[in-house]
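Note that the coordinates shown come from a computational prediction; the quantities given were computed from them, not determined experimentally. Numbering of residues begins at 1 and proceeds along the displayed sequence.
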Amino acid sequence: MYQDSVQSFVRALRAPTDPPRPGDPPKIDIASEAWCTTSFCVPRKAEIIIEWCLTRLLKDGTRDSGPNPVLDLRYWKLLHGVCLSVNSESSKTAPVGSTWLLPLLNRLPLLPIVLSLLSNSLDLSAQKRSELYLQSSKSLAFFWPLAAPKFAHDALLDCFGAVLRVIETASGEVSGLFEICGLVTSSLRAALSNVLNKKKLSQAFITSHMGVWLNLSAKGNATLSPLCAEMCDVGFELLFNADSLKQIADDPRSNTLFDTLRSHISSSPSHLLSALPILVGGFLNAMKKRRSLFSTGGSLTVDAHSSITVFLSSCGDILRAPGLPQTQVWRSRLDLLKVVEGKSLYSPGYEKMVVLLKEEVEISVECLASTDDVNIQMAIQCLCVLSRIDHSFVEASTGRILSRIFTIFQSSGGKSFTEPAHEFLSLTLSYHSKTRTLPVHISRLVDSCIVPPPHILSFPVQMSYDELAASAVLTTNHLDKLSKAVRTFITPGQILNTATRVLFMLRDIWETVRDMENVLTVGREPHARKKRRTTVRSEKAKEDADANGVTFALAARIAATVLSSLPLHSATDAVQMEVQATVKESLDGFLREAILMGANAAVSGDTGGNIWSAQVVAAAALRLRYLLQLSVHARYTLDYQSDSEGLFAEVLKVENRLPEYSVEIFRHLFHHGSHQPVEQQQVLFEAVLNFLEVHLPVAPKVWSGRSSQLSYGDDGSALAAVALLRLVLDRHLDIVNVSASSVQQRRLVNLLHLTHVEPEYESAECGLSLVTTVHECLHSANFWELENIRSSFFAIQQERTAFLDTIDVAKIQGGSKKLANSQHAKDQILEAMKSYTFLLYTPSECLPKSLRGNFLRRAVVLDFLLCSVTTDSTRQALQIVRTFLVRTHNFLGSWEHEANGRYLHHLMTSPVPISVERVSGELVQGYLLASFRATVQGNTDILLDAIQICREQTLEGWFLSKDIEAPLRSSIQRLMENAMTEFSVSMFPPDVVGRLSSLFEHVLDQLHPILRRLATSDVVEPDGITHYTDVLLLWSCTIAFGKYLHRPNCPSPGLGTQIIRTIGPSFLSRGSEDDRISKVCGAMHAVLVSELRFYSEEEKRDDRESHLQRIITTYVAFTSSSIEQCDFDENMARLLRTLSPSDFSSCLQFVFEALSASGTALEMMPRLIRLTSLALHNAPQSTSKTVQAFDKGCLDVFVSNAKLSNTHITRSSILIFISDLCSKRPASLRLQNVMSIWVLLSRFLAGSGAHDTVTDTALFHHIVSVLSALVRLRRDLVVTTLPHLGNIMRQLIFALRSPRPMLGAKQCAIVADSLPAWINPSRPLGVEESKDLSRLFTSLSAKTLVRVHGPSAEIQKPESLARPLSKHVACVLQAYLDVLNDPLCVLAADIRRELQPGLFVLCDILNDHTRDALMVSALDAGGKAAMKGLWREYEKQRYTGKG
C-alpha cells in the first residue's frame, strides 16, 4: 500500500511512529522493499532513502531504551545497497549524487553515528559485533571521503577515543572494525596536520583518552598491526606537538601530562608501566622531528637535553611512587636506560643527566640487597646498561657490587643472575683493561671475597661455601677472561706492584684466620674460666673462623689466576727476580703455615669447629702452590719442600678428613712423586686405590668441577673420588705405568669397569661424571701408549671373558638355555658385555696378536649366548659384539677362523633386531666372501650350506615381520653380489654351479608372484614400502644373477615397467623427501636397469631404445631431492659404462631433445643437466666424437635459452656442467665451446634488477673454477680470446663490491642493479671469494702444458699466459681501481688484503707502455692515486734479483 504513490511512501518514512500505523511493517522493511522493487519508480529514490536512514541513525542511535537502529544490520545493508547504486558509473543516479549527497552529509554529521556505533557495539557478542562492523564499514567507506572535510576536531577526537576502546576489547583482527578505525585515524592525522592550535586537542586527549591509548602503546609498535602502530603515532602527535614541546621546555611541571600519567599508572600499574619507555621514545622522536624549535643546527642543544632530562626525571619519579609492583617497575627502569643508551642521550657536559644516571646507579646497587630474584637480575642489567653508557657511573660502586654478587648467588641459587653478572664483570674488566688500571680491579675482586660473619648474613658459612664458590666472579668463564687480561694488559711497570699487592692482601686474610685460630685455641684450654660465657664466645669465634677460612679460599682462587698469568717475560730481569723472591717468601711464609695448620688440625683429631676451616684454608694454599708451579706464563722457580710429606701421610690415615683437602693432598703428592722412591710411590698408589674403591661405586651422576662441592658426607667423598680418578687418568697415568705394581695397575683398570660407557657416548650434560672421565680416558692416545697399563687392561678383559671358552656352542644351538639363564651365568655375560664394550674403544693396532684369536672366538660364543636370551640390553650388546667382529676382521684383512661355517649358519638363521641388521649384514658379507674363496680352493662345504639355507626359506613370510627381522634377505642378495663381483662361473665346481642355479630358480619362483601382485595393485600402504624396497632390490639382483649364470630369460621381462606404471605416480605424489619413498624409487630404477638385458641390441632394437628412454625418464622423475641420489647415480653410471656406442648415442640424443624442448618444465632442467654430466663422465669407449657434438649442442642450448641462465634453480647446474667439461674433459674442448662459455659466464655476471634472497657464493667459486681450468689446461684456446677473459675477470672484481652503509633508496638501487642476480646486496661476497679470485690471478703467470689428444701433446713446452696477456691486463687493474674510487661502493679491507697477491701478479704481467697509457688516459685523479699506492706496495715485495 505504501508503493501506491510517492506521497504515501514519503509520508510513511516521515511518520512520527514506527511502524507508521498499527499492524504495518517497520519503516526499514518498507524502505528495503521499495528499494528492491525496481518497478516502483520514485524520483530521487536513493536520496530519500539515504536521508531517512542517516536521520534515523543520527537521532535514534544514542537513545538508551528501545531498539537501536545503529545496531540493526538491516539499516547498514540497505545503505550499502543504495551506496553501490550511487557509486556505479552506469547508474542514472550517479551524476545526481554529486549534487545532493554532499549537502546531505553536511546537514547530517557522520561522526555521531560512528561514535554511537562504536560505543553501543561493546555490549554485543563477538560474532554479532564482527558482522555489524563488516556491514557498516562498507557504507562508511563510501560516505567518509565526502564528509571528512567538514569533521569537527573535537568530535573526531572523541571518535578516536571510541576507536581505542573498541580496539582494546577486540580479540584478533576484525576486518570491518579495522577499516572503520583506519578511516578515523587517517582523518584525525590529516586534521592534526592542518590545525594551527593543537593545545586544546592535546589537553582533551590527555584528559579523556590517554589511559586507553597507553594500554595500546604499551604493547610496542613492533608487536602491533600497521593500523595500531599508526594509532600510536597519532597519539604521540597529539601528546608531543609543537605547543606541548614548548610547554615542556619552558615549564615542565605545568604540563598535565605527568599528573595524568601518574594517576593512570597508579590505577593500572601492571599494564601501563611498560608504556613509559615507549612514551619516552615517542618524545625523543618528536624532539628530533621538531629540532628547529630548539636549535637551527642538526643536533639537539642544551635546552633540548634539559627537556629530555626533565622528562626522564619525571618518569623516574613515577617509578619511585609507593605501591607499584616492583617487577614491572624494574623492567620499565631497565627499558628507560636502554632508551638512553640507544638514543645516545648522555654526554659528560650535561650535568642534569649525570645526576639522574648517578641516582639510577644508587637505586640499582641498593636493590642488590633485596630478596627478589627478578628485581636483582634486572638491577644488574641496569648496571650493565649504565656501564655501557659510561663506566665512570658504576666505578665508585664496583666494590659494593662485586661484594653483593657473592651473597645474592648464595641466597637464591644464582641461576637467573649468571648471564647479567657475567656481562657486568666483562664490562668492568674491559674498562680497566682499556684504562690500564687492572691492579685496582684485582684488589676489588680480592676485597669482594670477604665473607661477612654469619650473624650478619643469617646463614651458615659451611652450607653456603659451595654457592659462594659458584659465584660469577669465580667461574671459569670470568677467570679465563681475567687471566687473558692480565697477560695482555698488565704493563711491565705494574707487574711487581700487582704481585706484591695480591700477596699482601692474601697475607692479611691469613693473619685474620690465624688470629681467630689463636682465639679458639685459648678458648679450648682446660683452665679457661667462666665456662658458659666462654662456650658462647667460642661458638661465635668458630663461625667467624669459618667465614675467614672461606674468605681465604675464595681470595686464593683469584690470587692463583692473577699470579700465574703475570707476563714476567715482558719485565726486566731485576723485576722478575724481585717478583719471584716475593712469591717464594709468601710460599715459605704464610702459605706454608696455612698448609701445616690444616695438616696439624686434621691429624690432631680435635673436635673443635675450626678443623673444617683449617682444612679449607690448607686446601686453598695447596691449590695455589700447585697452580703457581704449573704456571706457563709466569716464570716461577719454586723449590720442592719435603718437610710436609710425612705429615701428609699421617693426614691420609685420618678417616674424618675433608674430601677437598684429601684431593689436594693427593695432587700435591702426585706432583712431587718423581722425587720419591718407588716404594713410597706405591704406598701413595695404595692409598689412592683404597679411597677410590670405597667411594667411587656410589659416585653421583654429575660433578660441576668445583672443589667446594667436595664436602663432608658420602656425596662429597664420592665426588672427590671422581675428581681423584680424573686426576690420575688425565695427569699422572704415566707415573702409575712406571712405578705402580702390576696388582695396583689391575685394580685401577677394574675401577674403570664400575661405569657403563657406550661406544658412541656423547656427553649431554654440563659437568664431569664417572662416565665422561672413563670415556675421555679410553679415547686418549696416552692411555694406549702406556705398555704396562695396556697389558693390565687386556689381562682384565681376558679374565672377564675366559668363561666363554668353557661354553659348548653346540648345546646352545641345540636349544639349551640353562647356560644363559642362571644368575651366575647372567652376571658373567654382563661382565663379558662390558669387556667387549671396552674393547671397542681399543685401537685395532693395539690389540695384541696373541689375543686376537681368543677375543674373536669368544665374541662368537658370546653372540650365540646373547641370541638365546633376547632383551633390550642384550640387543645393544649384540650390536657391540658384532661391531667388534667386523672391525677386527677388517683390520686383519681375513675373515677365516675355525667357527666360520657354524657362525655363518647362525647369522643367516637367527632373527635379530632392525638396529643390528646393518652390522649383521656386514658380517654375512665377509663370511660369504671367505666361503667363496674357500670354494675356489676346494672347500665347498660352507658355501653349499649357505646356499641350502637360502633355498629352504619361503620369501613370502619375510615381508610380514616388522619389529624383528632376519638378515636373510640381504644374505641372498649379498651372496649373489659376491659371486658376480669377485668370481666367474668357471672358477666354481659343477656342484656349486648347480646349487647356485637352483637358488636362482628358487628366488625367481618365490619373488615372481609377489611382484605380480605389486604390479596389479592399486594402492600401496606406507607401512609396506620398506618391504617392497627389499623385494625390488632382490629382484634386480636376481635378474643380473641370471645373466651371470647364463640362464635363459626369466618370465615377465617387463615386470619392472608395469610396477613403475602402477605405483610410481602414487609415490611421486607423496614426495621424494621421505627416505622410505626414495629407497623404493631407487629400487624400481634398479629393476629397470637390470631388465635391459631382456632387450637384445640385434633382435629388439626399438624396444631396447624405448627401455633406455624409460630408464632415463625414471631417473629424471625420481631424483628431485632424493636422499638416495648416490644410488641412482651409481646405477646409471654402471649402465652407461656398459652401453654400446649406438645405445649411448641414442641416450644422449634423447636427453638433448628433452633439454632443447620448449615444453620441458623448468624444475626438470637441473636433473637433466645432472644426468648429462653423469653420462659424459661415464661415456664408454669409441664415443669421443659423439661426446664432443653433444657438448657443443648443450652449450648452444644454454646460450640460446636465456631463461636457463637467469633462473636460480638452473644456474648452479649449468656452471657445474661447464666446470666438469673444462676440468675433467679439457681435451674435448673446441674454440666454439670456449666462445659459448664466455657468453654464459658474462651472462651470469651481468647486472640484474632482481636478486635472490640469499647470496649464492658457490656460483662465484664455480666461475673461478672454470676460468682456472681453461687457463691451466687449454691455454691454446684462451690465447685467441684474451679480451673475453679480461672482461670476465673485470666482472668478477665488480662482483666483490658491496654498497656503502647509509645509502639512500635510489643509490642502493643503482648499486644493486649493477650486481648479478645471485648476489644479494645486503649479503655481499666475502674473504673466501677474494682468495679464490686471487688464486686465479696468480695462475695466469704459471707455466702449464696444454691438455690435448694426439702426438702434439708430447712435444710441447710449458708456457704461461703472462706474455700474451700483458696488453689486456690493464682493463682488469682499471676495474679494481674503479671499485676503489666508486663513491657508492666499498671494497672491504680484508677483501683487498686477500686480493693483493693476485693483483701483484697482474702488475708483474703489465708492461711499462700499457701502464703509462693507463695512468695518462684511463684514470682520474683518484684512480691515479690508487694506482700509485698499489704499485708502491708491488715494488716493496717485487724480487729484484739481489738476494
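- Partners of Thr260 by side-chain contact (heavy atoms from CB on, under 4.5 Å), not counting sequence neighbours, listed by chain and number: Ile206, Met210, Thr256, Ser263, His264.
- The salt bridge (charged side-chain N to carboxylate O under 4.0 Å, His left out) check on Arg1300 picks up nothing, with sequence neighbours excluded.
- Scanning all heavy atoms of the two residues, the minimum distance from Leu1384 to Val1311 falls at CB-CG2, 3.6 Å.
- In this structure Glu131 satisfies the salt bridge (charged side-chain N to carboxylate O under 4.0 Å, His left out) test with no other residue, sequence neighbours excluded.
- Scanning for side-chain hydrogen bond (donor to acceptor under 3.5 Å, both in side chains) contacts around Thr1207 gives an empty result, with sequence neighbours left out.
- Residues passing the side-chain hydrogen bond (donor to acceptor under 3.5 Å, both in side chains) test with Ser202, sequence neighbours excluded: Ser244.
- In terms of the side-chain contact (heavy atoms from CB on, under 4.5 Å) criterion, residue partners of Arg1323 (sequence neighbours excluded) are, by chain and number, Thr1255, Asn1320.
- The two residues Leu73 and Leu132 have their closest heavy-atom pair at CD2-CA, 3.6 Å.
- Judged as a side-chain hydrogen bond (donor to acceptor under 3.5 Å, both in side chains), and not counting sequence neighbours, His1251 has no contacts.
- Ser137 is linked by a side-chain hydrogen bond (donor to acceptor under 3.5 Å, both in side chains) to Glu179, counting only residues two or more places apart in sequence or in another chain.
- For Phe240, the ring pair (Phe, Tyr, Trp, His ring centres under 6.0 Å) criterion is met by Phe283, Phe311, not counting sequence neighbours.
- Using a 3.5 Å distance cut-off with no hydrogens or angles, the side chains of Tyr350 and Thr309 do not pair a donor with an acceptor.
- The two atoms that bring Val385 and Leu334 nearest to each other are CG2-CD1, 3.9 Å, heavy atoms only.
- The backbone N or O of Ala204 sits nowhere less than 3.5 Å from a side-chain atom of Thr207 that would complete a donor-acceptor pair.
- Listed by chain and residue number, nothing satisfies the ring pair (Phe, Tyr, Trp, His ring centres under 6.0 Å) test with Trp330 (two or more places apart in sequence, or in another chain).
- Taking Asp1252 as the reference, Arg1211 meet the salt bridge (charged side-chain N to carboxylate O under 4.0 Å, His left out) condition, with sequence neighbours excluded.
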Do any side-chain atoms of residues 140-155 form donor-acceptor pairs under 3.5 angstrom with protein atoms, and if so which ones, sequence neighbours left out?
{"unit_1": "Trp144", "atom_1": "NE1", "unit_2": "Leu183", "atom_2": "O", "d": "3.4"}
{"unit_1": "Trp144", "atom_1": "NE1", "unit_2": "Ser187", "atom_2": "OG", "d": "2.5"}

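- Of the possible polar contacts, none joining the Ser119 side chain to the Ser116 backbone as a donor-acceptor pair under 3.5 Å is found.
- In this structure the side chain of Leu239 reaches within 4.5 angstrom of the side chain of Leu279, judged on heavy atoms.
- Phe160 is not listed as a side-chain neighbour of Leu156, based on a closest heavy-atom distance of 4.5 Å or more.
- Counting only heavy atoms from C-beta outward, the side chains of Trp213 and Phe236 approach each other to under 4.5 Å.
- Not a single donor-acceptor pair under 3.5 Å links the side chain of Thr185 to the backbone N or O of Gly182.
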